[in-house]
Structure formats: C-alpha cells, structure tokens
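Each remark here refers to the structure printed beneath this line.
Naming: A, B, ... by sequence-line order, numbering from 1 per chain.
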Amino acid sequence: DTAVSQTPKYLVTQMGNDKSIKCEQNLGHDTMYWYKQDSKKFLKIMFSYNNKELIINETVPNRFSPKSPDKAHLNLHINSLELGDSAVYFCASSQDLLAANTGELFFGEGSRLTVL
Amino acid sequence: GEDVEQSLFLSVREGDSSVINCTYTDSSSTYLYWYKQEPGAGLQLLTYIFSNMDMKQDQRLTVLLNKKDKHLSLRIADTQTGDSAIYFCAENPSGTYKYIFGTGTRLKVLA
C-alpha cells in the first residue's frame, strides 16, 4: 500500500485551463502539505493543513486553492493555469505539526504539471 | 529571506567517499535533516541530527553539525551507484511548522 498517493502523476494542459491534483495518505497523520519543485529542483512549501485546518499559506497566488475534506486528503485546485505553473507538485504528510518527535515528512511520488 | 545553500553537483567514483555540504539559516531548528530524491520519485528521509549533537553515524552515513557556522554535512562512505540521487538538507525553524529545504546537491557516482 502506498503511504502517500497523488493523482494524476502527469498532467499536460493548455494555459488558462483549470486543473486539480488529489492527494491521500493512509498513515493516520494529522498534517499534510503541498510543495512545488521547479525545473532547477528547488523545493518550496505552498500550503500545510493540520486536521483540515489551514496552517501555512506561503505567498501563493490565489489561483491555487487547497481543499482538505478530511485529514487523510488534501487536494490542490489551480485556476487559470499559466506557463510558470509548470513544475512537479509534491504532496507530503507528517504525524503532527513538527512540534513533537523528529517530524519526518513522507512524500508522494509527485505530479508533473506541464502548461503549454 | 536567505536560502539554505548547497553546492549543485558532486561527482565521485564508486567506492570513494562523498561529502555533501549545507549552510542553513536558522539556529532555532531543533532537528536538521538529510533527504534523498531518486529520479522520478518523492523525497525520502535519509537521516537527521538533533541540534545539540555534533555528529551522528548511521552505517555508511555520517552527519556533522557545526552550529556556530550553521554548517551541516553528510558523508557517504563507500559510495555506490545506487547512491546517485539528489540530496536535500532541511531545517525546521522553531515555531514555523515547516521545513525549509536546501537547494539540493545532485550526486553522480561513476562506476
């Protein structure tokens, strides 16, 4: 069983379209994240949720809207896609808000978004 | 803000040691981490060090921490071709609830 699973793995779309990426974790974790990895492999946090509550919103355009229907799911919806949105988007989870224990992050395999 | 800095590339021969360096930004981080990213995959935790330690050894991996200089290093002994990947250091500044990842070092191991 995959611990953190994302769909789709690949997404190719035109500028201006709206798309969603879904993420599910079966680890029983409280906290989930979205990270963006650009073509230079730089990894930047976008959002985090803890028990369905938004904790971090890291200066991301409001075209990006995360949604957490329950603590096992965190989806990312992107409106009006732009060329600069092309990247690999990683979902991750952690047991809690990193305040306790070693705060290990568990990553999904990534969703490669290409905007044409 | 400042970036967590790493050198971009490192190339070593199989069997040699690899040393990957990282300069982090926030001395309040309780733990510092090394993650490995293989091609087409997500990141996986490789090892971590508690901030009050200077060194941690875990099989072929040795982590050194210099808090004064905010310098973290990862040494891989007897590097194998399977170690070829991108390595990220990361910090979690106290109270921020997030990881700040380094710029990543691409390690290439030559047979």
Side-chain angles (χ1 to χ4, degrees), chain A residues 2-7 9-10 21 23-25 27 29-51 53-60 87-112, chain B residues 1-10 20 22 24-26 28-53 56 58 63 65 84-108:
Chain A
T2 305
V4 181
S5 57
Q6 304 178 220
T7 54
K9 196 172 170 72
Y10 300 98
I21 307 171
C23 180
E24 176 182 4
Q25 53 96 3
L27 297 166
H29 287 170
D30 286 344
T31 311
M32 295 184 73
Y33 310 81
W34 279 109
Y35 280 84
K36 179 181 179 181
Q37 187 174 47
D38 65 22
S39 58
K40 293 182 180 175
K41 304 298 184 185
F42 296 155
L43 199 65
K44 299 288 184 192
I45 189 165
M46 300 173 70
F47 301 102
S48 76
Y49 272 72
N50 188 63
N51 274 319
E53 181 187 346
L54 179 67
I55 301 297
I56 293 172
N57 181 342
E58 195 75 358
T59 327
V60 177
V88 181
Y89 292 85
F90 285 99
C91 177
S93 72
S94 64
Q95 187 172 338
D96 55 24
L97 273 175
L98 309 183
N101 62 61
T102 60
E104 178 179 356
L105 285 180
F106 293 79
F107 281 82
E109 292 195 337
S111 297
R112 182 178 292 275
Chain B
E2 298 171 47
D3 286 337
V4 177
E5 295 284 348
Q6 299 178 236
S7 50
L8 287 181
F9 298 102
L10 177 64
I20 301 171
C22 168
Y24 61 96
T25 63
D26 195 308
S28 72
S29 298
T30 306
Y31 293 97
L32 294 144
Y33 308 84
W34 284 103
Y35 277 77
K36 178 183 181 183
Q37 184 181 24
E38 296 187 354
L43 281 71
Q44 283 191 301
L45 182 66
L46 203 54
T47 188
Y48 63 90
I49 187 167
F50 190 49
S51 58
N52 70 353
M53 296 171 65
K56 178 180 179 181
D58 184 0
V63 179
L65 175 60
S84 292
I86 303 175
Y87 291 80
F88 292 91
C89 62
E91 58 180 355
N92 67 327
S94 179
T96 65
Y97 305 128
K98 63 182 176 185
Y99 279 107
I100 310 293
F101 282 89
T103 46
T105 299
R106 190 184 293 271
L107 173 65
K108 184 172 181 178

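Contact count against chain A (heavy-atom pairs under 4.5 Å) is highest for B:L43 among B:T30, B:L43, B:L8. The residue among A:E109, A:Q6, A:R112 with the most heavy atom pairs within less than 4.5 Å of chain B is A:E109. Comparing A:K40, A:K44, A:E58 by heavy-atom pairs within less than 4.5 Å of chain B, the highest count is held by A:E58.
Looking at A:Q37, only its side chain comes within 4.5 Å of chain B, counting heavy atoms on both sides. Neither the backbone nor the side chain of B:F50 comes within contact range of chain A; no heavy atom of the residue lies under 4.5 Å from a heavy atom of that chain. Heavy atoms of A:L43 lying under 4.5 Å from chain B belong to its backbone as well as its side chain.
A cation-pi arrangement, defined by a distance under 6.0 Å to the six-membered ring centre and an angle within 45 degrees of its axis, is absent between B:K108 and B:F9.
Side chain of A:Q25 to main chain of A:A3: no donor-acceptor pair is present (N/O by atom type, distance under 3.5 Å, no hydrogens or angles). Here the side chain of B:E91 pairs a donor or acceptor atom with the backbone of B:D26 at under 3.5 angstrom. Checking side-chain atoms of B:S29 against main-chain N and O of B:Y31 turns up no donor-acceptor pair under 3.5 Å.
In this view, A:F106 and A:H29 satisfy the ring-ring contact (aromatic ring centres under 6.0 Å, His included) rule, not counting sequence neighbours.
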